[in-house]
*Asks:* 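A single structure is presented below for examination.
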Protein chains: 2
Amino acid sequence: MRNTKQKKLVYDIIYSTYDHLDARSIYNQAKLEIPSISLATVYRILNELCDLGKVLRIATDNEDNFDRIDTKHAHFICSKCNKIIDIFDYTLKYKMPDNIVYNYDLVFHGICNDCKRNEVK
Amino acid sequence: MRNTKQKKLVYDIIYSTYDHLDARSIYNQAKLEIPSISLATVYRILNELCDLGKVLRIATDNEDNFDRIDTKHAHFICSKCNKIIDIFDYTLKYKMPDNIVYNYDLVFHGICNDCKRNEVK
DNA sequence: TCCTTAATAGTAATGATTACTAATAACAGT
DNA sequence: ACTGTTATTAGTAATCATTACTATTAAGGA
């Protein structure tokens, strides 16, 4: 495993924000720094970072989003505008005697505050 | 909204099992009953049933899976064999003052019992 | 500096899902 | 039951995120 400037850049872009970026956005940002970077390279690096547990993948109905590893938290996805909001205020307890659990994804679905307001208007 | 035999069939296939079927499997089963049914029709009906809250969509890394609406439960997806296992033994509490929550998806990731055993061999 | 080979850039391919359109069939009104 | 309207379907083309492929480049150890 070699450390390339492409890997460092993709990692830095994800960790430069608390937003949840998709591969295309990361690619567009990366091109500003390394114009020759390839979209396929971004995808390959994203897979590698996820496998190494350095980046979190959020699977949605359309495209995947990528997030920094942070305090463990859940996500709220608005069914109207598809915005993703971090959720910290929850507790989860579980028992799983048979299977080994490495991680979990908790995603709430509904209508966000902004869309709720716009509906009333 | 009209009730067609295609809609009834797709619904019945999903409710005939506790398995989590993908669109292609549902299509293949449906063809046994209605050979002329179209894959696009299956997708359209699946979207409709999900929107109506009659069927549950489980988004995974590759293709979506569909499940009957049942006692609310979580899922465990094995990272090795991609098997999906229903999980009932958990408790979740949350506060969401700003957003309206309609539903949540809870997915555990890890290694299932079968794959764990096979690794040891 | 040199060599090995992992990683990249660029592009073609894949595969799930959706869009489109002419033909069909629910079903409300008669 | 018959008819007309129009939602739905079958079949296929298109879309779009992601992956595969390959010649070229560049980490990084010796």
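Values below: all heavy atoms of this structure, side chains included; hydrogens, waters and symmetry mates excluded. In what follows, chains are A, B, ... by sequence order, proteins preceding strands, each numbered from 1.
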*Asks:* Examine Phe88(B) together with His73(B) and report whether their ring centres are nearer than 6.0 Å.
*Replies:* yes

*Asks:* Less than 4.0 angstrom between a side-chain N/O of Ser38(B) and OP1 or OP2 of dT9(D), yes or no?
*Replies:* no

*Asks:* Taking 4.0 Å as the cut-off, does a side-chain nitrogen or oxygen of Gln6(B) come that near to OP1 or OP2 on dA10(D)?
*Replies:* yes

*Asks:* With a 6.0 Å cut-off (strictly less than), is the heavy-atom count around NZ of Lys72(B), excluding the residue itself, greater than 12?
*Replies:* yes

*Asks:* How long is the line joining CG of Leu49(A) and P of dA7(C), in whole Å?
*Replies:* 12 Å

*Asks:* Determine the sole option in Ile85(B), Asp114(B), Ile77(B) for which the side-chain contact (heavy atoms from CB on, under 4.5 Å) test with Asn99(A) is passed.
*Replies:* Ile85(B)

*Asks:* Any side-chain heavy-atom pair from Lys8(B) and Asn3(B) closer than 4.5 angstrom?
*Replies:* no

*Asks:* Quick check for you: among dG11(D), dT8(C), dC27(C), whose closest atom lies nearest to any side-chain atom of Arg2(B)?
*Replies:* dC27(C)

*Asks:* In terms of side-chain heavy atoms of Ser36(A), which of dT9(D), dT18(C), dA9(C) is nearest?
*Replies:* dA9(C)

*Asks:* Over all strands shown, is Asp22(B) touching base, sugar-phosphate only, or nothing at heavy-atom distances under 4.0 angstrom?
*Replies:* nothing

*Asks:* Can you work out whether Arg24(B) or Asn3(B) has the more 5'-proximal nearest nucleotide on DNA chain C?
*Replies:* Arg24(B)

*Asks:* Do the non-hydrogen side-chain atoms of Val55(B) and Tyr15(B) ever get within less than 4.5 Å of each other?
*Replies:* yes

*Asks:* Could you state the atom-to-atom distance from CG of Asp64(B) to C1' of dT18(D) in whole Å?
*Replies:* 15 Å

*Asks:* Calculate the interatomic distance between Asn47(B) atom CG and dT9(D) atom P; express it in whole Å.
*Replies:* 12 Å

*Asks:* Taking only the side-chain nitrogens and oxygens of Thr4(A), find out if one of them lies under 4.0 Å from OP1 or OP2 of dA7(C).
*Replies:* no

*Asks:* What nucleotide, of dT18(C), dT19(D), dT8(C), holds the atom closest to the side chain of Tyr43(B)?
*Replies:* dT18(C)

*Asks:* Can you find an N or O donor on one side and an acceptor on the other, under 3.5 Å apart, linking the side chain of Arg44(B) with the base of dT18(C)?
*Replies:* no

*Asks:* For Glu48(A) and dT19(D), what is the distance between atoms CD and P respectively, to the nearest whole Å?
*Replies:* 14 Å

*Asks:* By nearest heavy atom, map Glu63(B) and Lys7(A) onto DNA chain C; which one lands nearer the 5' end?
*Replies:* Lys7(A)

*Asks:* Rounded to the nearest Å, what distance is computed from the NZ atom of residue Lys31(A) to the P atom of nucleotide dT8(C)?
*Replies:* 17 Å

*Asks:* Below the 4.0 Å mark, does dT18(D) have OP1 or OP2 next to a side-chain nitrogen or oxygen of Asn62(B)?
*Replies:* no

*Asks:* Separation of Lys8(B) atom NZ from dT9(D) atom C1', in whole Å?
*Replies:* 18 Å

*Asks:* Nearest whole Å is fine: how far is dG15(C) P from Tyr27(B) OH?
*Replies:* 16 Å

*Asks:* Once you apply a heavy-atom cut-off of 4.0 Å, does Leu46(B) come out as touching a base, just sugar-phosphate, or nothing?
*Replies:* nothing

*Asks:* Met1(B) has an atom CE; how far is it from atom C1' of dT6(D), in whole Å?
*Replies:* 15 Å

